[in-house]
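Worksheet for the structure shown next.
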Amino acid sequence: ETVRLDAIENRPASPEVTYRSIARRLLVSGQPDKAVAELIRFARERPMTARTAQALTTMALATGKMGPILTVVTQGLDEAEGRERVGVLRALARLQRRTGQELPAIETLTVLLAEAPEDRRSRMVLNALLDKFERWDELDASRDKETKLLLRRRYFRAASRVALRRARLW
């Protein structure tokens with residue numbers, strides 16, 4: 001069988017994909033400092049996107065270089081707008097949660113849910129953190145918002161489960 005040459009796309013990869021693959025290769029070859037530096041340099045050159053923030057978060061968790069990456073993602077949050085901002089907030093909350101900074105993660109998740117109230121996964125993580133720190137009033141308010149959102153979307157079973165969990169608080 002022959003392979004048609006025009007069937008293979010010869011598109012150049014986006015700079016974001018190129019830098020992520022370079023950083024991944026550096027990490028695999030045993031040079032985590034250079035991998036982190038490469039991603040940070042790319043993140044400072046361009047506006048922060050959700051994919052860049054996720055790549056930085058993954059690199060921070062793989063290498064243990066939390067400080068500089070946390071700073072870059074936090075600074076990049078100011079530049080992001082719309083859906084990209086929600087993705088950057090999600091990556092920031094994940095990094096904060098995984099590094100043991102749960103209280104700032106609660107604040108970040110609260111901001112995220114103010115911008116994207118339909119994000120059920122973030123609401124679940126926020127509720128788990130609020131439950132862990134026994135912040136009952138905030139947990140009650142969060143579950144109330146979740147119940148109202150589910151009722152508005154006509155997900156009656158899920159709304160009744162959340163309402164039952166909310167009733168168990170008191």
Side-chain angles (χ1 to χ4, degrees), residues 14-17 19-20 23 36 39-170:
S14 71
E16 186 174 350
V17 172
Y19 273 90
R20 283 193 326 223
V36 169
L39 270 182
I40 288 176
R41 185 165 52 99
F42 174 73
R44 289 183 190 259
E45 288 175 0
R46 300 187 184 272
M48 183 67 68
T49 64
R51 295 185 91 183
T52 305
Q54 285 294 335
L56 284 165
T57 300
T58 303
M59 187 62 67
L61 296 173
T63 61
K65 308 286 184 202
M66 308 297 178
I69 291 180
L70 188 63
T71 304
V72 169
V73 174
T74 305
Q75 289 172 349
L77 186 61
D78 298 336
E79 304 166 355
E81 295 178 356
R83 306 259 329 141
E84 293 295 324
R85 181 172 167 82
V86 170
V88 173
L89 280 168
R90 194 176 291 129
L92 179 61
R94 177 178 174 225
L95 185 59
Q96 289 171 334
R97 207 178 69 245
R98 293 282 181 94
T99 57
Q101 301 175 5
E102 280 112 354
L103 294 177
I106 288 173
E107 294 172 15
T108 303
L109 286 167
T110 305
V111 170
L112 190 152
L113 287 169
E115 293 186 17
E118 73 281 351
D119 190 352
R120 293 186 66 195
R121 183 178 294 165
S122 296
R123 175 132 355 242
M124 184 178 67
V125 172
L126 175 65
N127 290 346
L129 286 173
L130 292 173
D131 190 25
K132 179 180 177 181
F133 287 105
E134 299 179 354
R135 294 169 81 168
W136 307 123
D137 293 335
E138 294 174 43
L139 180 60
D140 182 47
S142 177
R143 286 188 176 159
D144 183 47
K145 287 178 189 174
E146 185 177 7
T147 303
K148 289 177 182 176
L149 180 68
L150 290 169
L151 287 172
R152 199 172 317 125
R153 297 171 100 194
R154 306 186 68 75
Y155 294 143
F156 297 120
R157 276 191 201 149
S160 67
R161 282 192 301 268
V162 172
L164 181 61
R165 279 190 225 114
R166 182 175 176 232
R168 288 182 185 154
L169 279 177
W170 308 108

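Here the structure is a predicted model, which is why all the values come from computation and not from measurement. Along the sequence shown, the residues carry numbers beginning at 1.
Annotation: the span from Leu113 atom CG to Thr108 atom OG1 amounts to 11.0 Å, rounded to 0.5 Å. A distance of 6.0 Å separates CZ in Arg94 from OG1 in Thr57, rounded to the nearest 0.5 Å. For the atom pair CD1 of Ile106 and CD of Glu138, the computed distance is 7.0 Å after rounding to the nearest 0.5 Å. Distance CG/Leu95 to CE/Met59: 13.0 Å, rounded to 0.5 Å.
Annotation for Glu45: atom CD counts as buried by contact number, over 12 foreign heavy atoms lying within 6.0 Å. Around the CZ atom of Arg97, the shell of radius 6.0 Å holds more than 12 heavy atoms that belong to other residues, nucleotides or ligands. Atom OH of Tyr155 sits in a sparse spot, with 12 or fewer heavy atoms from other residues, nucleotides or ligands closer than 6.0 Å.
The two residues Ile69 and Leu56 have their closest heavy-atom pair at CG2-O, 3.4 Å. Of all non-hydrogen atoms in Arg123 and Pro117, the two that sit nearest each other are NH2-O, 3.8 Å. Nearest heavy-atom pair across Glu84 and Ala50 is OE1-N, 2.6 Å. The two atoms that bring Ser142 and Asn127 nearest to each other are OG-OD1, 2.6 Å, heavy atoms only. The minimum heavy-atom distance between Gly87 and Gln54, with the atom names listed, is O-NE2, 4.2 Å. Here the shortest heavy-atom pairing between Met48 and Ala43 reads CE-CB, 4.1 Å.
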Going through the distances and angles, do Arg46 and Glu16 end up as a side-chain contact (heavy atoms from CB on, under 4.5 Å)? CA-CA 9 Å; Arg46 300 187 184 272; Glu16 186 174 350; over 6 Å; no
Can you list the steps and then say if Leu103 with Arg135 is a side-chain contact (heavy atoms from CB on, under 4.5 Å)? CA-CA 11 Å; Leu103 294 177; Arg135 294 169 81 168; 3.5 Å; yes
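Between the side chain of Arg85 and the backbone N or O of Leu77 there is at least one donor-acceptor pair closer than 3.5 Å. Between the side chain of Glu102 and the backbone N or O of Leu129 there is no donor-acceptor pair closer than 3.5 Å. Arg143 places a side-chain N or O within donor-acceptor distance of the main-chain N or O of Arg165, the cut-off being under 3.5 Å.
Remark: of the listed residues Asp131, Asp144, Asp137, Asp144 is the sole one forming a salt bridge (charged side-chain N to carboxylate O under 4.0 Å, His left out) with Arg166.
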